[in-house]
Number of protein chains: 2
Amino acid sequence: MASKISATEAAVLGLLTRGEMSGYDLQREAEAAGGFFWAPTKSRIYAVLPTLVDRGYATSREVLQTGRPNKHLYTITKKGRAVVKAWLEEPPVFEPERAPLLLKLYFGDLLPPEKLLEHVRAMKTQATSLKKRLEEHPDRHDAYAELAYTHTLEWLKALIRWASSTERELAQRLR
Amino acid sequence: MASKISATEAAVLGLLTRGEMSGYDLQREAEAAGGFFWAPTKSRIYAVLPTLVDRGYATSREVLQTGRPNKHLYTITKKGRAVVKAWLEEPPVFEPERAPLLLKLYFGDLLPPEKLLEHVRAMKTQATSLKKRLEEHPDRHDAYAELAYTHTLEWLKALIRWASSTERELAQRLR
DNA sequence: ACCACCATGTAACAGGTTACATGATTAA
DNA sequence: TTAATCATGTAACCTGTTACATGGTGGT
């Protein structure tokens, strides 16, 4: 009954419920979702796929090709579906943010205040551009994906607000 | 010039700038900060300390004790200070949240809507209790630590708002 | 009697990144 | 001619978690 899978394995299996795919396809799918909630490296994907087959969560067939490596197409099995479903139903683990910026702030007394201000501005810039990317994002797949997108959007808005007010505060301290 | 250090190493060195400490002390410090931006396991700390000494970022001396393992006290060196400072000055890497909940939402069509609602409620509960812990938190060390705390607080508030509105939306869909 | 505190660590495992290696096809 | 797309993977490394192992002191 164990059948523990990692978030990455769950994501792979989740995408496979939408149809037969290759490792290459999976990575494109993840990119298409903007890398907002899952951003695997290809080596990880290619490492994971065979282990899913080994455990009976997917089957694979090889498509012969010329001029490039043969393609391996993976199909999710009933067992695989059951396992993702089980993973999805587990209560999600909640953890506080552990971004490097927080550590840099926490030890702020160790560096010049201008540097800190720079960091806050940099993060605001990045959050803003990510927000733009997200808002312009085409692949709103379905109503559920939409929920995930809004979540990220609200998070970004909060960050930007925080950055703006912190920026003001730090700038004031510099005067 | 390489001298790359990880976030954990930076955190350890950062704390060591406040005085001589043992591995045990370091963990207590991290806990005292509420584990909000750094939550190392002890095995990690004990693994990291000797490597800092090897690289000349800290020195250690042993305090003999009876009835318990000898204590190792670590002191940061000049080189160590330079290295943390360099790490702190590097522009922080910014990354979108990659919480499991987002994946569960994204694949929401694979599970019963009540389950999803449950997940959202669970996360709201946890965020709320974390917020309470944070607000009641005594060790506001200095103005910089304060900035880090506000950051986390704003993040939590945004999550809770999002959870509330999502809860309503999902509940409506269930009717 | 029991629990929290003090204080160290090792070993096995899991998860993930970076760099390397190969090479044809097709559109601008 | 240059870049993107297609398509696979291996090897080395880094970071981190979980479980195990030990045992005295001091307070309720």
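Just so it is clear, the model here is predicted, and its values are computed rather than measured. A note on names: the letters A, B, ... follow the listed sequences, proteins ahead of strands, and every chain is numbered from 1.
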In whole angstrom, what separates A/His72's NE2 from D/dG9's C1'? 9 Å
Which is true for A/Thr41 with a 4.0 Å heavy-atom rule: it touches a base, it touches only sugar-phosphate, or it touches nothing? base
Considering every strand and a 4.0 Å limit on heavy-atom distances, what is the contact class for A/Ser43: base, sugar-phosphate, or nothing? base
Cationic tip of B/Arg173 above A/Tyr144 ring, under 6.0 Å, 45° of axis: yes
ring-ring contact (aromatic ring centres under 6.0 Å, His included) between A/Phe37 and B/Phe107, intermediate numbers included: CA-CA 11 Å; A/Phe37 12 92; B/Phe107 291 116; 8.5 Å; no
d(CD, B/Glu9; P, D/dT15) in whole Å: 6 Å
Figure out the CZ/C1' separation between B/Arg68 and D/dT25, and round it to whole Å. 6 Å
What is the distance, rounded to the nearest whole Å, between atom CE of A/Met21 and atom P of D/dA7? 14 Å
Find the distance B/Glu20:CD to C/dA7:C1' and express it as a whole number of Å. 16 Å
Would you say B/Arg44 places a side-chain N or O within less than 4.0 Å of OP1 or OP2 belonging to D/dG16? yes
Between C1' of C/dT18 and NZ of A/Lys42, the distance in whole Å: 10 Å
Angle between ring planes, A/His137 versus A/Tyr149, binned at 30° and 60°: parallel, tilted or perpendicular? tilted
Give the rounded distance in Å between these two atoms: CG of B/Leu64 and P of C/dT8. 13 Å
Rounding to an integer number of Å, can you tell me how far A/Arg61 CZ sits from D/dA7 P? 12 Å
Under 6.0 Å from the ring centre and within 45 degrees of the ring axis: does the NZ or CZ of A/Lys104 meet both conditions for the six-membered ring of B/Trp87? yes
Distance-minimising heavy-atom pair for A/Leu147 and B/Glu169: CD2-OE2, 4.0 Å
If you look at every heavy atom in B/Leu116 and B/Gly108, which pair is closest and at what distance? CD2-CA, 4.0 Å
Contacts to DNA chain C from residues 24-40 of chain B, heavy-atom cutoff under 4.0 Å, which residues? B/Tyr24, B/Arg28
Taking side chain to side chain contact (heavy atoms under 4.5 Å, CB included) as the definition, give me every residue that meets it alongside A/Arg121, ordered by chain and number, with sequence neighbours left out. A/Leu117, A/Glu167
Between B/Gln65 and A/Gly67, which residue's closest nucleotide on DNA chain C lies nearer the 5′ terminus? B/Gln65
Scanning both residues in full, the closest heavy-atom pair of B/Lys71 with B/Gln65 reads CE-OE1, 3.5 Å
Look at the side chain of B/Lys71 against the base of C/dT8 and say whether a donor-acceptor pair falls under 3.5 Å; ignore hydrogens and angles. no
Degree of bending, the helix from C/dA1-D/dT28 to C/dA28-D/dT1 (end axes from five pairs; round to 10°): 50°
Would you call the rings of B/Tyr106 and A/His141 parallel, tilted or perpendicular, where under 30° means parallel and over 60° means perpendicular? tilted
